[in-house]
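Note that the coordinates shown come from a computational prediction; the quantities given were computed from them, not determined experimentally. FYI, side chains are in, hydrogens and waters are out, and symmetry mates aren't considered; it's all heavy atoms of this structure.
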Amino acid sequence: MRLLMETSSGKMASASEGRATTCRLRRELLGRPPRDGNGRLHYRASVGKGGRRTGYGVYVYPNSFFRYEGEWRGGKKHGRGKLLFKDGSYYEGDFVDGEITGEGCQHWALTGNTYTGQFVLGEPQGHGVMKYQAGGHYEGELFHGLREGHGCLVDADGQVYWGSFHDNKRHGQGRMIFRNGDEYEGNWVRDQRQGHGMLRLVDGSTYEGQWHSGVFSGQGSMAHCSGVIYRGMWINGHPMAQATRIVILGPEVMDTAQGSSLTLTVQLQRDNGEVATSEDGRELEISAGVRYVQLPAYSEVSFFRVDDGLGQTPIQTPFGFQCISYPLSSPESGGPEPRAALESASADSPFPEGDPGGLPAGRHEPSCPGNRRRAEQGCVQFSDVRLGPPPPGYHAVLFLEGLREVGSRPRGQDHGGTMPIAQGPPGGSRLDGVATAEPAAEAFPGEYVLMIRDVTTPPFLGHTLPTAFKHLRVLARGAGQQPHVPREDPKALS
């Protein structure tokens with residue numbers, strides 16, 4: 001807050017106007033009291049040589065706006081005294097040869113501000129404390145009534161600044177604690193954070209780097225409370241190389257054999273398609289879904305009937321069909337922990353292939369990685385990803401035997417004509433003409449979806465990346481890369 005001086009008319013003026021007022025005030029106060037009878041002078045002191053008064057006296061000035069009570073020497077105000085203004089303002093403290101100089105206290109009635117400290121020629125100068133009527137205070141160095149040098153400013157909101165001032169503004173090196181608990185330490189230019197500085201947020205996030213006009217601008221690094229670390233260029237408070245999307249590498253449709261595992265490589269990419277190598281620590285979660293209504297070309301299961309209590313809501317995919325949530329398999333008892341299975345695989349390590357040995361038929365329970373992983377330089381690899389068996393409450397409804405229906409056209413495939421309805425496997429049961437399968441030990445052949453979600457908590461800079469999808473086909477054992485087709489109608493291979 002700019003220190004203001006009060007004029008003889010009671011109005012506020014800036015520091016430059018205040019200096020002119022001070023000069024006028026000095027002309028009023030300097031020298032011997034007038035002897036023309038226009039002012040009233042009362043002394044309780046001796047009179048020295050030349051009629052100069054020494055001691056204590058009270059003088060009311062001709063314009064009646066000023067009144068002085070205090071010590072005199074040689075006809076001038078000298079020593080301790082009090083100068084009162086008609087509007088209620090006052091100064092009390094030291095006078096030297098008629099000037100307000102030394103230690104004192106000044107109060108401005110119009111603003112309600114009070115300053116206690118050092119004065120030079122009528123102006124606060126040196127070290128002092130300014131208390132503001134609106135709340136807060138300043139303690140430190142002043143020059144010509146303005147904050148200049150080192151000091152501590154507490155504003156009406158309780159925010160605290162320690163550091164350098166110039167021309168009444170925060171300027172130079174300083175530290176500030178904001179009302180919400182955030183803390184900044186670094187360079188300031190005319191009340192703005194500018195140059196190099198560090199910001200510690202109350203949520204635990206930190207930023208260190210360049211600033212301009214109070215925002216991140218230039219090279220800097222942020223360690224977000226979510227665990228995300230960004231190092232790079234900032235412009236107007238926004239990271240320039242931030243990830244904007246998740247991309248699962250690989251063909252448009254991935255094929256995998258029934259019971260096999262696969263490895264997914266995921267990239268965080270910028271708008272221009274480049275990998276966001278400036279980012280570390282974004283947390284991604286892998287999950288799966290099964291096509292809600294299957295095509296007979298790829299599956300013997302028509303759809304899954306889900307118990308009402310599970311409350312499954314279909315998920316719309318970018319592939320033109322809906323899916324429902326489907327589990328990834330969990331590790332066998334005594335197998336590797338999910339977190340350990342999620343360790344990033346080296347580039348030259350072979351993918352897990354085939355079924356794990358030693359498990360008896362019907363008890364296939366392959367190990368599965370944990371479903372979350374943090375990105376490093378914009379990349380994540382999920383290894384040993386396997387689809388589990390249908391969970392409890394999912395009842396596979398098979399295509400009915402002997403019925404035929406018009407075949408659906410899968411993406412990129414043109415089977416033409418009609419497609420057969422697959423026969424239920426041995427052991428299936430029929431309820432009211434509907435074939436259902438007994439609980440399976442592994443995922444049925446068919447169409448599935450793998451999803452990678454950004455589950456960073458809280459979201460990095462308030463933004464969550466859109467979910468990425470990958471179309472996955474699980475082929476029956478021995479089917480190779482060809483789509484699974486029931487044996488009853490080999491014409492469907494045409």
Asks: By side chain to side chain contact (heavy atoms under 4.5 Å, CB included), which residues pair with T101, not counting sequence neighbours?
Replies: V96, E99, L121

Asks: Please name all residues satisfying ring pair (Phe, Tyr, Trp, His ring centres under 6.0 Å) with H78, sequence neighbours left out, ordered by chain then number.
Replies: none

Asks: Residues in side chain to side chain contact (heavy atoms under 4.5 Å, CB included) with V160, at least two apart?
Replies: C152, V154, W162

Asks: So, taking the atom named NE2 in H107 and the one named OG in S89, what distance separates them when rounded to the nearest 0.5 Å?
Replies: 6.0 Å

Asks: Hey, what do you get for CZ (R193) to CD (Q210), rounding to the nearest 0.5 Å?
Replies: 14.0 Å

Asks: Has the side chain of K470 got a donor or acceptor atom that lies under 3.5 Å from a matching backbone atom of P251?
Replies: yes

Asks: When you measure from the centre of the six-membered ring of Y138, is the NZ or CZ of R147 under 6.0 Å away and within 45° of the axis?
Replies: yes

Asks: Could you pull out all residues at least two apart from V247 that satisfy side chain to side chain contact (heavy atoms under 4.5 Å, CB included)?
Replies: R245, L249, Q269

Asks: Taking 4.0 angstrom as the limit, do E71 and R80 come out as a salt bridge?
Replies: no

Asks: Mind checking side-chain hydrogen bond (donor to acceptor under 3.5 Å, both in side chains) for T456 and listing every partner two or more places apart, or none if nothing turns up?
Replies: D454

Asks: How long is the straight-line distance from CG of L465 back to CD1 of I452, given to the nearest 0.5 Å?
Replies: 12.0 Å

Asks: Measure the acute angle between the ring planes of F321 and F319, then classify it against the limits of 30° and 60° as parallel, tilted or perpendicular.
Replies: tilted

Asks: With a 6.0 Å cut-off on ring centres, are F95 and Y68 close enough?
Replies: yes

Asks: Would you please name every residue forming a ring pair (Phe, Tyr, Trp, His ring centres under 6.0 Å) with F119, sequence neighbours left out?
Replies: Y91, Y115

Asks: Answer whether the closest heavy-atom distance between the side chains of L262 and L450 falls below 4.5 Å.
Replies: yes

Asks: Run the ring-centre check on F216 versus Y207 and record whether the distance is less than 6.0 Å.
Replies: yes

Asks: Could you check whether D191 pairs with R170 (Lys NZ or Arg NE/NH1/NH2 to Asp/Glu carboxylate O, under 4.0 Å)?
Replies: yes

Asks: Spell out, as yes or no, whether a donor-acceptor pair under 3.5 Å connects the side chain of T457 to the backbone of V455.
Replies: yes

Asks: Whether the side chain of E285 engages the backbone of N371 through a donor-acceptor N/O pair (distance < 3.5 Å, no angle test) should be reported.
Replies: no

Asks: List in chain and number order the residues that pass ring pair (Phe, Tyr, Trp, His ring centres under 6.0 Å) with H137, two or more places apart in sequence or in another chain; answer none if no residue qualifies.
Replies: none

Asks: With side chain to side chain contact (heavy atoms under 4.5 Å, CB included) as the criterion, how do T116 and Q106 come out once you've worked through the C-alpha distance, each side chain's angles and the decisive distance to 0.1 Å?
Replies: CA-CA 6 Å; T116 303; Q106 185 165 1; over 6 Å; no

Asks: Please walk me through it: do R179 and D157 pass salt bridge (charged side-chain N to carboxylate O under 4.0 Å, His left out)?
Replies: CA-CA 6 Å; R179 179 174 53 183; D157 294 326; 3.7 Å; yes

Asks: Any side-chain donor-acceptor pair under 3.5 Å between H166 and E148?
Replies: yes

Asks: Using modelled atom types and a 3.5 Å cut-off, is there a donor and acceptor pairing between side-chain atoms of D182 and backbone atoms of V202?
Replies: yes

Asks: So do the side chains of M222 and L461 get within less than 4.5 Å of each other, counting heavy atoms only?
Replies: yes

Asks: Between S164 and H150, is any side-chain donor less than 3.5 angstrom from a side-chain acceptor?
Replies: no

Asks: Can you name the ring pair (Phe, Tyr, Trp, His ring centres under 6.0 Å) partners of Y448, sequence neighbours left out?
Replies: Y326

Asks: May I ask you to decide if I229's main-chain N or O and D280's side chain share a donor-acceptor pair within less than 3.5 Å?
Replies: no

Asks: Name the atoms and distances for all side-chain donor-acceptor pairs under 3.5 Å in residues 272-279, with sequence neighbours left out.
Replies:
| residue | atom | partner | partner atom | Å |
| --- | --- | --- | --- | --- |
| N272 | OD1 | E274 | N | 3.0 |
| E274 | OE1 | R270 | NH1 | 3.3 |
| S278 | OG | R231 | O | 3.2 |
| E279 | OE1 | R282 | NE | 3.0 |
| E279 | OE1 | R282 | NH2 | 3.3 |
| E279 | OE2 | A243 | N | 3.0 |
| E279 | OE2 | R282 | NH2 | 3.1 |

Asks: Under 6.0 Å between ring centres: does that hold for Y59 and F66?
Replies: no

Asks: Side chains of V385 and I286: closer than 4.5 Å at any heavy-atom pair?
Replies: yes

Asks: Counting only N and O atoms by type, is there a donor-acceptor contact under 3.5 Å from the side chain of Q125 to the main-chain atoms of H144?
Replies: yes

Asks: Report the C-alpha distance between Q133 and T111 in whole Å, list the side-chain angles of each, state the deciding distance to 0.1 Å, and finish with yes or no for side-chain hydrogen bond (donor to acceptor under 3.5 Å, both in side chains).
Replies: CA-CA 7 Å; Q133 173 69 26; T111 63; over 6 Å; no

Asks: Just wondering, more than 12 heavy atoms not from N180 lying within 6.0 Å of its CG?
Replies: yes

Asks: Does any non-hydrogen side-chain atom of I246 lie less than 4.5 Å from one of L268?
Replies: yes

Asks: Please list, chain by chain and in numerical order, all residues satisfying side chain to side chain contact (heavy atoms under 4.5 Å, CB included) with P327, sequence neighbours excluded.
Replies: P391

Asks: Going by atom types alone, do R386 and S260 pair a side-chain donor with an acceptor below 3.5 Å?
Replies: no

Asks: Between C323 and F469, does a side chain to side chain contact (heavy atoms under 4.5 Å, CB included) hold up when you go through it step by step?
Replies: CA-CA 11 Å; C323 68; F469 295 83; 5.7 Å; no

Asks: What is the distance from atom CG of D384 to atom CG of L264, rounded to the nearest 0.5 Å?
Replies: 11.5 Å

Asks: Would you call L83 and E92 a side-chain contact if the rule is heavy atoms closer than 4.5 Å?
Replies: no

Asks: State, with a plain yes or no, whether a side-chain heavy atom of P390 is found less than 4.5 Å away from one of F304.
Replies: yes

Asks: Got a second to check how far E208's CD is from R200's CZ, nearest 0.5 Å?
Replies: 8.0 Å

Asks: Output all residues satisfying salt bridge (charged side-chain N to carboxylate O under 4.0 Å, His left out) with R175, sequence neighbours left out; order by chain, then residue number.
Replies: E183

Asks: Could you tell me which residues satisfy side-chain hydrogen bond (donor to acceptor under 3.5 Å, both in side chains) with T244, sequence neighbours excluded, listed by chain and number?
Replies: D271

Asks: Between atom OH of Y61 and atom CG of N63, what is the distance when rounded to the nearest 0.5 Å?
Replies: 9.5 Å

Asks: Looking at E103, is its backbone amide N or carbonyl O close enough to the side chain of Q118 to form a donor-acceptor pair, meaning the two atoms are under 3.5 Å apart?
Replies: no

Asks: Could you check whether any side-chain N or O of N113 sits under 3.5 Å from a backbone N or O of W108, counting only pairs where one atom can act as donor and the other as acceptor?
Replies: no

Asks: Charged N to carboxylate O below 4.0 Å: is that the case for R374 and E283?
Replies: yes

